[in-house]
Every structure is written in structure tokens, then in C-alpha cells.
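Let me begin by presenting the structure, written as C-alpha cells, before commenting on it.
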Amino acid sequence: MTTAAKAAICRGHDHPFAIEDVTLDALRPDELRVRVVACGICHTDLAVRDKQLPVPLPVVLGHEGAGIVEEVGSAVTVAKPGDRVVMSFNSCGACPSCDADAPTYCYQFFPHNWSGTRADGTPTMFAGDQPINANFFGQSTFATHAIAHQRNVVKVPDIAADIPLDRLAPIGCGLMTGAGAVLNSMKVRAGLPIAVFGTGTVGMAAIMAAKIAGANPIIAVDVHDSRLQLALELGATHAFNGRDDAIGKIRELVPQGLGYAFDTTGINSIIQDAWGLLAPMGICGMVGASDPADNVVFNEAAFMGGGRRVMGILGGDSDLVTFLPELIAYHVDGKFPFERLIGYFDFDQINEAIEASESGQVVKPVLRMGAE
Ligand code: CXF
Ligand code: ZN
């Protein structure tokens, strides 16, 4: 059975997103149809709009969706109709990375997330009688309804029954990336110093997670003072403006060096500086979207001699089944107060929401598609 829905079509940077009528395909055995309640907007959506990623346009984006399951295919076990769910990235479940519970590094990431179709090439969405690119991150949740998959849907645990879905929506990308980088990838140790470069959603999540891990000091670096103020409220012990010799101030504060330098900016000179601040055994974690032409240069003797590490991190090494419930539990306990980052917009305000994100006015815009 096909399903009528409304979806925001992205036709590129020079066109506003346009909400239009679409039809969802009938479900395959491992798929779920979700009525979308809310969806966060992430920079990756905008990178696709701007053709910085190899996702075909026009496309229905959105990959931080939350909603209520309406129907499930015959092989689905993760959720049933009526369940409240959050959605994240998809993965194949059969490659060496998925076998090692590291699905963010899925060998088949592109066909399952960015091809515009199911991994087998079939469309999940139609505009009139023509297929349209969708299945973005296995969801395409800038829409009222979405087809998701057994591997990218997580049922909201009962402990979070009182937390609204429009708050939980963004947990499946930026928040898990920042928190996962600290808790899963770098495994930040209590008492060691960390500096977080860039305080967007990923950086703020990293700061909240660093507080959970007991890092000390927790240093936030950004060029916007309002963001630095919020970082201090969320767990940073120190905040330095990048335009005002932040590197020198970190060196002064932590003369023995950083246990962890976490870059969310992707800016080559910042990564270079961050690497130079590491203590012996220090880890420089990188999650920013870098210019594909950039290379990091570092001193080989300092790298080897001090046992320093540079770590590329995707999606905070999140294994969705275990990590999303863990983050939701931190939120319920008041230890991961990411609601402070969110600004809400109605679905038909999608272009205003994007503008608010790009101007820096809102850290994490969330679109509301319908009531819970
Ligand atoms: C992704 C990158 C791949 C793993 C999940 C998160 N980032 C999206 O914006
Ligand atoms: Zn994202």
C-alpha cells in the first residue's frame, strides 16, 4: 500500500525548500513507515543542498527524525505500530564495520544513506508518477511520513515516556556525534583536560559529555561570545574566544598539555593548533567537515615520542541500539540538557529555520511536522 505525504523538496542552494505532495512506496519486509512528528536540521542537510556531498538532487533531506510508527514490514522487530521512535543513519549490517558494532563506518554507507534510493536502487518516494530522490540517511524526514529501516530506528525507552518527541528528534546525529566522540571514540578520562573547538551542536554535546566523563578543565573555544556563554552553562569550565589568542590562553591554563583536543570546525589551522597543544598520550579528535584538499602536517618525533594520536571520528562511533538509549537516559537524569540548544519551527517555516541556523541565531533548529 502506498502512502500520501507532504515532503520538502530540495532543489539546490538557489531554490527555497518547497513542501509538495509525494507518495511513499509500499514497505519492504525490513522497513517501517513512521508518521514524522519532528526533525532536526543538521549542517549535512545544507552541505547536500550546496552540492558538497555526492547526494543526487532534487532530494528530500532530513535525517534527525522522530515520530510514531504506523506500519511495519514482516521482518521488523525493533518497533511496532504505535511506538515512539527516533531515527538515525542506516547501515548494511553485514560488513566488517557493522560486524564490529561500528556502523558509522559501514562499508556500504553510500548506497544505504546517500544514493537517493534504497540500497538496491529502487525508489522509496514518488512525486506524481516519477521517482524522487529520498531515503536520505535511510529516512528523508523533512516530510510528514517516512520509510525507515530496521537498522536505523530506535524505540524511545519507557523512561523517556514524558520527553516530547520534538525534543528527542536531534539525538540521532549531531548530539550523538559530539557525545559519542567523547564517550565512545576518545573515551575521555576523568581529571584530564579537554578543549573543544567550535560550539555548534556537536561541540556543545561534546562539552556536556566531557562533564559526564569528569574531564577537567573543559575548555570551549568559539568566535561567538553568546555561544561561549552557553557552553559555560552546559559544562565548560573555561571559554576562550578564538579571535583573542585562545591557543595562548589554553597553553597558559594547561602548561602540561591537553589530554584531548576535539575539533568540530574542520578548519585546517585550528586542527594544526589543536594538535600542537596535546600532552603525552593526548588525542586530537576530528569530526569537522574539512576542505577535501586540506592535509594536516605534524611533527613525527612528537607524534611517536609522546604516543600522541590523531583520530578521525564519524558519528561519534555510535552503535545506535545501545548508545541512543544511553544518551536518552542521561537526558532524563538532567545530565545531557540538550534542550538548551533547540529552537522550534513549524514544518512550513523550513526556510526560516535554515536561515536561523546559518545566521547562528539558533544552534539546533527543529521542525515540527505534526502533533504527537
Ligand atoms: C553522519 C556521518 C556518518 C555517521 C552518522 C552521522 N553525519 C551527519 O550529519
Ligand atoms: Zn547530521
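Both counts, for ligands and for their atoms, begin at 1 and track the order of listing.
- For ligand 1, the atoms sitting less than 4.0 Å from at least one non-hydrogen atom of Leu314 are 2 (C), 3 (C), numbered in the order shown with element in parentheses.
- Those atoms of ligand 1 with a heavy atom of Cys173 less than 4.0 angstrom away are 6 (C), 7 (N), 8 (C), 9 (O).
- Around atom 4 (C) of ligand 1, the closest heavy atom drawn from Gly315, Ser91, Gly316 belongs to Gly315.
- Distances from the Zn ion (ligand 2) show that Cys173 has an N/O/S atom below 2.8 Å.
- Residues Val310 and Val296 share a hydrophobic cluster, clusters being chains of Ile/Leu/Val/Met/Phe/Trp/Tyr side chains in contact below 4.5 Å.
- Looking only at protein heavy atoms, the nearest one to atom 9 (O) of ligand 1 is Thr44 OG1, 2.5 Å.
- In this structure, the protein non-hydrogen atom closest to atom 5 (C) of ligand 1 is Phe89 CD2, 3.7 Å.
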Between side-chain atoms of residues 202-220 and protein atoms elsewhere (two or more places apart, or another chain), which donor-acceptor pairs fall under 3.5 Å?
none

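- The distance from ligand 1 to the heavy atoms of Cys42 drops below 4.0 Å at these ligand atoms: 9 (O).
- When the options Asp273, Ile267, Ile247 are evaluated for a side chain to side chain contact (heavy atoms under 4.5 Å, CB included) with Phe197, the one that passes is Ile247.
- Scanning all protein heavy atoms for the shortest distance to atom 1 (C) of ligand 1 gives Phe137 CE2, 3.8 Å.
- Around atom CD of Glu300, no more than 12 heavy atoms belonging to other residues, nucleotides or ligands sit under 6.0 Å away.
- The Phe109 neighbourhood of ligand 1 comprises atoms 3 (C), with distances under 4.0 Å to a heavy atom of that residue.
- Between Phe240 and His238, the ring planes lie tilted relative to each other; the angle falls in the 30° to 60° range.
- In the model, His112 has no side-chain atom that pairs as donor or acceptor with a side-chain atom of Arg151 under 3.5 Å.
- Using a 4.5 Å heavy-atom threshold, the side chains of Ile250 and Leu258 count as touching.
- The atom name of the N/O/S atom in His63 closest to the Zn ion (ligand 2) is NE2.
- Ring geometry, Phe298 versus Trp275: the interplanar angle falls from 30° to 60°, so the pair is classed tilted.
- Counting heavy atoms closer than 4.0 Å to ligand 1, residue His63 contributes side-chain atoms (C-beta onward) but none from N, CA, C or O.
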